[in-house]
Amino acid sequence: MQAKVGNDIGTAAQLLDLGEVVAIPTETVYGLAANALLPEAVEKIFAIKNRPFSNPLILHFADVQAMLPYIHKSPIELDSLIQRFWPGPLTILFEKSSLVPEITNAGLPRVAVRVPDHQLTLELLKSLDYPLAAPSANPSGYISPTSAHHVLSQLGDKINYILDGGSCRAGLESTIVGLENNRLIVYRLGSVSVEDLSHHFNGIVEIQNTALNNKPLSPGMLPYHYAPRTPLKLAATMEEHLSTVNPTHIGVITYSWQTDEIPEEHVVVFDIQEDMLYAAHLIYEILFMMDQFDLDLILVQAFPEKDLGRTINDRLRRASERRITQI
Ligand code: TXA
Ligand code: MG
C-alpha cells in the first residue's frame, strides 16, 4: 500500500465512512483519523501507530454543538476558554457520555475533545455524522508530523489517503487541560501557552505536565516521546559537548551560540526575541530534516522557559530522555 496525497474531502470522507484510517491536517500536527464511534476503525489507529490501547485518543469535532452529546456536561468555568480558543489548539477533558466507546478513550471516565482550527478538516468534520478520533500521525515515540510529506515518509505504507492541508500553522500539539476542584490543570503543555490560559481562565492554573514525570495520567504522557532517531541534547552551552563529538557530525539549533566550528548546513539560528511562534511552527520540521543528515548528535539551546518556549523545551527534553523506552 502507498498512500495517495490529495486535498479531496470527498475521498477522505468515503474512506472514513468505510471504517478506514485517513491522515488529516490540523493547525497543530497531522492526525491519524478514524470514526471515533466504530471500534474496528479505532482499533486500526492503534495498530498502525503501534500504540498501547491504554493510551486514549482525542475526539475532534466541527463545533461545540456537535460535541455536546459526547460529554456529560460542560462546566461553566470553562466557557471563557472554549469561546477564546475554539476552534484552536486546546484539548479539554470532560466527563464522557455513554456514546464514547471504551476503546476510544481507554475506558477512562473522561474524554479528551477539541475543535481543530483547519479549514479542510473542519469541512470534512461537517460532512461526517460522527467525530474523528485522531492521535498525531506518527509511529509511537517518533516526532509528530507537521506536513503531508512527514506523514507519507513515516506511515505512507500503512494508510490509503493523506489529506494534504499544507504545513501546520502552530507546529506543536494541542495543550491538554481539565478542571479539578475548580483549578485548571494543564496535563500537556502545547500550542496554547500557560500565560494565555491564565489570561482567559478565571482561577488558578496549575501545570502537572512535568516532562520527566514518571507517574503520568496515561502512557502517552510518558517521556521519550516526540523523539528523532538521532540522539538529541538540550543544552545550556555548546562547548561542553564539542569535546565529545566531531563537530562535523553535530546539528545545532540555537538563538545565540557562536557556531563557527559547525558546518553551516547543520545549523539553524532562530531570532526568538522576534517570534517564538515561528520557532514553534518549525521545530519538528527542523528535527525531521536533521534526522536525515546522519548526524551523531543534535544539540539544541534551551529556549527561555516561558510562553511557547516552555512547550518547545518540554518536547526537546522528552526527546533527549532516551533512557526511558516506554511510550
Ligand atoms: O494537537 C493534537 O492534540 C493532535 C492533533 C492531531 O489533534 N493530537 C494529538 O493526539 O497529539 P495524541 O494522541 O498524539 O496525544 C494525545 C494525548 C495523549 O498523551 C493521551 O494520553 C492524552 O492526550 N489523552 C487523550 N485522552 C485522554 C484522557 N481521556 N485522559 C487523559 N489523557 C488523555
Ligand atoms: Mg502524539
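Order of appearance sets the numbers: ligands from 1, and atoms from 1 within every ligand. Start at 1 with the first residue, then count along the sequence. Keep in mind the model is a prediction, meaning the values are calculated, not measured.
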### Message
So if I count the atoms of ligand 1 from 1 in the order they appear, which ones are less than 4.0 Å from some heavy atom of Arg110?
### Response
29 (N)
### His118 and ligand 1 - part of the residue with a heavy-atom distance under 4.0 Å
neither
### Task
Using the six-membered ring wherever Trp is involved, compare the ring planes of Phe303 and Tyr255 and label them parallel, tilted or perpendicular (cut-offs 30° and 60°).
tilted
### Summary
Numbered in order shown, the ligand 1 atoms found under 4.0 Å of a heavy atom of Leu93 are 27 (C), 28 (C), 29 (N), 30 (N), 31 (C)
### Query
Could Arg183 and Glu206 be called an ion pair, given the rule that one side-chain N must be under 4.0 Å from one carboxylate O?
yes
#### Entry: Element-labelled atoms of ligand 1 that are located less than 4.0 Å from some non-hydrogen atom of Ser174
1 (O), 2 (C), 3 (O)
### Message
Within the 4.0 Å heavy-atom shell around Asn55, which atoms of ligand 1 are there?
### Response
18 (C), 20 (C), 21 (O)
### Query
Considering only heavy atoms of Thr28, which atoms of ligand 1 have at least one such atom less than 4.0 Å away?
1 (O), 2 (C), 4 (C), 5 (C)
### Query
With a 4.0 Å cut-off on heavy atoms, does Lys96 reach ligand 1?
no
#### Entry: Residue pair Ser320 / Arg315, side-chain donor-acceptor N/O under 3.5 Å
no
### Query
Which atoms of ligand 1 have any heavy atom of Pro56 under 4.0 Å away?
20 (C), 21 (O), 24 (N), 25 (C), 26 (N), 27 (C), 28 (C), 33 (C)
### Lys158: salt bridge (charged side-chain N to carboxylate O under 4.0 Å, His left out) partners, not counting sequence neighbours
none
#### Entry: All side chain to side chain contact (heavy atoms under 4.5 Å, CB included) counterparts of Ser167, not counting sequence neighbours
His281
### Task
Give a yes or no on whether the ring-centroid distance for Phe61 and Tyr70 is below 6.0 angstrom.
yes
#### Entry: Interfacing atoms of ligand 1 (cut-off 4.0 Å, heavy-atom, Glu173)
1 (O), 11 (O)
### Non-hydrogen atoms of Val111 and Val100 that approach each other most closely
CG2-CG1, 4.1 Å
### Message
Taking distance alone, with N or O pairs closer than 3.5 Å, would you say Tyr30 contacts ligand 1?
### Response
no
### Summary
Nearest heavy-atom approach of Leu32 to Ala137 is N-CB, 3.8 Å
### Query
Do you know which two heavy atoms are closest between Val267 and Val269, and how far apart they sit?
CG1-CG2, 3.8 Å
### Message
Looking only at distances, can you tell me whether any N or O atom of Thr26, backbone or side chain, sits closer than 3.5 Å to an N or O atom of ligand 1?
### Response
no
### Query
With atoms numbered from 1 as shown, which atoms in ligand 1 lie under 4.0 angstrom from a non-hydrogen atom of Leu108?
28 (C), 29 (N), 30 (N)
#### Entry: Axial cation check for Tyr142 ring with Arg229, 6.0 Å and 45° limits
yes
### Message
Which option wins on minimum heavy-atom distance to atom 9 (C) of ligand 1: Ser136, Ala23, Ser191?
### Response
Ser136
### Message
In this structure, does ligand 1 have an atom that sits under 4.0 Å from one of the heavy atoms of Ala134?
### Response
yes
### Query
So does Ser136 have any N/O/S atom less than 2.8 Å away from the Mg ion (ligand 2)?
yes
### Query
Which of the listed options, Arg188, Lys49, Glu27, holds the heavy atom that is closest to atom 15 (O) of ligand 1?
Arg188
